[in-house]
Amino acid sequence: MTHTSGHGRLDAPDASTPDGHGIRGRRTPADGEPGTARQPGTARQPADSPATYDPETFWEARLRGRFDLSGAGFRGIGKPFNEALYRQREIVFDRVLRRLRIDPPQSRVVELGPGTGFYVELWKRRGVRSLLGLDITAVASERLTAAYPSFAFQQVDITEPWPSPDASADVVTAFDVLFHIVDDVRFATAIGEAGRVLRPGGVLLVSDLFPRRAIRGHHHVSRTLAEYKAALARHGLDVVSRAPVFVTMHPAVDVPAALAALSGRWWSWLERWLIADPRRGRRMGRILASIDRVLTRPLRGGPSTEVLIARKR
Ligand SMILES: C[S@@+](CC[C@H](N)C(=O)[O-])C[C@H]1O[C@@H](n2cnc3c(N)ncnc32)[C@H](O)[C@@H]1O
């Protein structure tokens with residue numbers, strides 16, 4: 001399952017962000033991947049690394065190395081800040097369920113890239129009717145099958161056909177996953193599969209940055225809202241709304257350039273400060289999460305990561 005980008009490297013995966021993008025100016029990272037947040041003294045992946053991104057190898061190594069929130073989230077800044085980021089994600093997850101009147105006990109969910117199972121646990125606690133998790137790694141499906149025997153997990157590359165019948169899902173989720181598909185043809189295939197598997201009226205939830213200009217990195221491509229809308233529309237999916245996830249806890253990209261630069265500097269400082277002592281993430285995470293919880297509530301579009309909601313016609 002070796003994937004190559006059809007674009008080559010347009011941006012250096014340099015800055016880091018919590019959920020896989022990290023943006024300073026136009027540089028891009030992926031969530032804590034090699035070359036983004038680093039423990040002091042560890043090597044940065046060369047910004048112009050010619051290595052091909054092989055998602056299976058990359059994620060297998062990463063998740064086997066650390067099967068916890070900082071393995072799936074943003075490595076380097078430590079567990080406490082990652083926990084705060086995930087708490088904020090949970091708040092937004094619940095907002096989205098309420099907004100869409102999704103009733104978990106009635107919902108058949110296909111979760112793309114469940115990773116270490118953060119959202120699997122959320123669905124379980126909310127009594128979801130059924131859940132199928134499709135992850136490119138063997139480690140995710142092995143460990144999640146052991147931890148959640150009542151759900152199904154398969155090792156599947158979501159850029160290839162999914163093992164699900166047509167119109168069999170009420171909800172498909174892709175939390176911090178689609179931006180790890182660097183090849184546009186494969187990206188379109190994954191969107192096409194979501195359109196095929198969702199029943200009419202079903203919803204696709206995608207978290208990404210939706211920046212003003214696409215951000216293309218070695219392991220990560222954040223596409224614009226217009227690019228998403230066009231790809232989704234081709235498969236009968238209409239964007240109905242968006243829910244912002246972060247304001248201060250993650251670099252802002254959907255803002256005027258001066259603000260983006262300011263936010264990049266803020267994140268850069270925060271990253272260094274947390275890497276120097278990840279225990280700081282507990283207090284700082286609490287403070288920033290309480291700000292983001294309030295700021296994201298009234299917004300219908302945000303400066304940073306959002307959950308995009310698309311409905312199947
Ligand atoms: C950044 S992690 C996110 C994990 C989880 N959704 C979360 O938010 O905690 C990305 C996940 O997507 C999976 N993944 C990446 N590319 C994939 C692909 N082409 N097909 C299936 N899974 C993929 C990785 O194995 C990993 O579990």
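In each ligand, atom 1 is the first atom listed, and ligand 1 is the first ligand listed. Treat the numbers as computed from the prediction; the structure is a model and nothing was measured.
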I136 N/O to ligand 1 N/O under 3.5 Å: yes
Ligand 1 to G113 polar contact by distance, N or O atoms, under 3.5 Å: yes
Selection from T173, V182, D176 by shortest heavy-atom distance to atom 3 (C) of ligand 1: D176
Backbone or side-chain N or O of T159 under 3.5 Å from ligand 1 N or O: no
Backbone or side-chain N or O of Y86 under 3.5 Å from ligand 1 N or O: yes
Heteroatom proximity flag, L112 to ligand 1, N/O under 3.5 Å: no
4.0 Å heavy-atom contact, L69 with ligand 1: no
Within-shell test, P114 vs ligand 1, heavy atom, strictly < 4.0 Å: yes
Candidate with minimal heavy-atom separation from atom 27 (O) of ligand 1, of T189, V139, D135: D135
Close approach, T116 and ligand 1, non-hydrogen under 4.0 angstrom: no
Any donor-acceptor N or O pair under 3.5 Å, side chains R89, S207: no
Numbered atoms of ligand 1 (with element) below 4.0 Å of H180, judged on heavy atoms: 1 (C)
Residues E111, K124: salt bridge by 4.0 Å N-O rule: no
Gap separating the CG atom of L259 from the CG atom of D254, nearest 0.5 angstrom: 11.0 Å
Ion pair R196/E193, N-O distance below 4.0 Å: yes
Pairs flagged by ring-ring contact (aromatic ring centres under 6.0 Å, His included) wherever residues 145-165 is involved - sequence neighbours left out: none
Atom indices of ligand 1, in the order listed, that fall short of 4.0 Å to a heavy atom of T137: 25 (O)
Option of least heavy-atom distance to atom 8 (O) of ligand 1 (set: Y53, Y119, F58, F118): Y119
Nearest-0.5 Å distance, CG of residue L198 to CG of residue L204: 6.0 Å
Atoms in ligand 1 with a heavy atom of L63 nearer than 4.0 Å: 27 (O)
S268 side chain to R272 side chain, donor-acceptor N/O pair below 3.5 angstrom: yes
Ion pair check, D238 and R311, cut-off under 4.0 Å: no
Rounded distance (nearest 0.5 Å) linking atom CD of E83 with atom CZ of F118: 10.0 Å
Close N or O approach (I158, ligand 1; < 3.5 Å): yes
R216 with D184: basic N within carboxylate O range, under 4.0 Å: yes
Atoms of ligand 1 close to V156 [distance to a heavy atom under 4.0 angstrom, numbered from 1]: 20 (N), 21 (C)
Polar proximity ligand 1 side, D157 side, N/O cut 3.5 Å exclusive: yes
Working for ring pair (Phe, Tyr, Trp, His ring centres under 6.0 Å), residues Y228 and F187: CA-CA 10 Å; Y228 263 100; F187 174 79; 5.3 Å; yes
